[in-house]
Novice: 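I'd like to ask you about the structure that follows.
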Amino acid sequence: MLMRVVTVMLLLSAGIAAEAMSHSFVCKASGRLGGPIRFQFYRDSTTHPKTDIESFTVSIRTADDRWKAMWSIFSNRGLTQPIEYGVTPPGFTTMIQPQKLIPGRVYAGFATDEHGGSSGVTFGFDKNGKMTFPDSFESMSGE
């Protein structure tokens with residue numbers, strides 16, 4: 001009987017721990033250089049938009065394979081619209097002012113939600129300003 005109680009307690013603890021662990025969600029990027037670059041967030045597919053984004057940062061991959069933040073925003077409130085690069089949504093605070101995006105470089109957008117979840121998207125732009133999604137970082141770095 002004691003073994004059953006211990007087993008049930010362990011299973012309950014594991015379930016609670018699994019529920020407390022962070023989760024991921026979907027981040028989609030669209031647009032082109034010279035026009036708006038938009039980021040949209042979804043719970044599990046493109047049919048359930050997320051409105052509880054807490055922070056969003058766009059970083060550039062540097063020559064020494066590090067990431068440097070180029071724009072960062074934060075909020076205590078929910079998000080009611082897609083995020084456009086360089087435009088701070090209502091209720092958000094700009095932590096790092098936006099810098100110019102340029103073709104041939106690799107960028108990453110990274111978001112967190114109010115529940116500890118996170119999402120990221122890696123993207124870049126070709127010489128014509130079209131958004132690309134590199135399979136690997138090396139494919140756009142020119143190395």
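In what follows, every heavy atom counts, from backbone to side chain, and hydrogens, waters and symmetry copies are set aside.
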Novice: Hey, is the main chain of Phe125 close enough, under 3.5 Å, to the side chain of Arg32 for a donor-acceptor pair?
Specialist: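 Side chain of Arg32 to backbone of Phe125, a donor-acceptor pair under 3.5 Å: no, none is there.
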Novice: Step by step, would you call Trp71 with Gln99 a side-chain contact (heavy atoms from CB on, under 4.5 Å)?
Specialist: CA-CA 7 Å; Trp71 182 52; Gln99 297 172 29; over 6 Å; no
Novice: How about Phe123 and Phe39: are their ring centres within less than 6.0 Å of each other?
Specialist: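 Ring centres of Phe39 and Phe123 closer than 6.0 Å.
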Novice: Go through it in stages, so that I can follow the logic: the residues are Asn128 and Leu33, the test is side-chain contact (heavy atoms from CB on, under 4.5 Å), and I'd like the CA-CA distance, side-chain angles, deciding distance and then a yes or no.
Specialist: CA-CA 8 Å; Asn128 297 319; Leu33 283 178; over 6 Å; no
Novice: Please lay out, stage by stage, how Thr122 and Val106 fare under the test side-chain contact (heavy atoms from CB on, under 4.5 Å).
Specialist: CA-CA 7 Å; Thr122 303; Val106 177; 3.6 Å; yes
Novice: Any side-chain heavy atom of Thr62 within less than 4.5 Å of one from Trp67?
Specialist: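 Sidechains of Trp67 and Thr62: no contact.
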Novice: Where is the tightest heavy-atom contact between Phe133 and Ala29, given as atom of each residue plus distance?
Specialist: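 Where Phe133 meets Ala29 most closely, the heavy atoms are CZ-O, 3.4 Å.
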Novice: Closer than 3.5 angstrom, by distance alone: can the side chain of Tyr107 be matched with the main-chain N or O of Ile102 as a donor-acceptor pair?
Specialist: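 Looks like yes, one N/O pair under 3.5 Å.
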Novice: Could you tell me whether the side chain of Ser75 and the main chain of Gly91 form a donor-acceptor pair under 3.5 Å?
Specialist: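 Here the side-chain-to-backbone pair exists.
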Novice: Without swapping roles, check the side chain of Arg38 against the backbone of Gly31 for a donor-acceptor pair under 3.5 Å.
Specialist: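 Here the side-chain-to-backbone pair does not exist.
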Novice: Using the six-membered ring wherever Trp is involved, compare the ring planes of Phe41 and Phe25 and label them parallel, tilted or perpendicular (cut-offs 30° and 60°).
Specialist: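 Aromatic pair Phe41/Phe25 classed perpendicular.
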Novice: Taking atom types as modelled, find out whether Thr88 and Thr94 have a side-chain donor-acceptor pair closer than 3.5 angstrom.
Specialist: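 The answer is yes; a qualifying pair exists.
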Novice: Could you check whether any side-chain heavy atom of Met70 comes within less than 4.5 Å of a side-chain heavy atom of Leu101, counting everything from C-beta outward?
Specialist: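 SC-SC contact between Met70 and Leu101 confirmed.
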Novice: Would you please test Thr112 and Ser118 for side-chain hydrogen bond (donor to acceptor under 3.5 Å, both in side chains) and show each step?
Specialist: CA-CA 4 Å; Thr112 61; Ser118 63; over 6 Å; no
Novice: How long is the straight-line distance from CZ of Phe92 back to CG of Leu79, given to the nearest 0.5 Å?
Specialist: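 With rounding to 0.5 Å, CG (Leu79) is 5.0 Å from CZ (Phe92).
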Novice: Please assess Glu84 against Ile37 for the test side-chain contact (heavy atoms from CB on, under 4.5 Å), listing each intermediate value before the final yes or no.
Specialist: CA-CA 6 Å; Glu84 185 176 321; Ile37 308 297; 5.9 Å; no
Novice: Of the non-hydrogen atoms in Gln81 and Pro89, which two are nearest, and what is the gap between them?
Specialist: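 Taking every non-hydrogen atom into account, NE2-CB, 4.1 Å.
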Novice: Closer than 3.5 angstrom, by distance alone: can the side chain of Asp113 be matched with the main-chain N or O of His115 as a donor-acceptor pair?
Specialist: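 It does hold such a pair.
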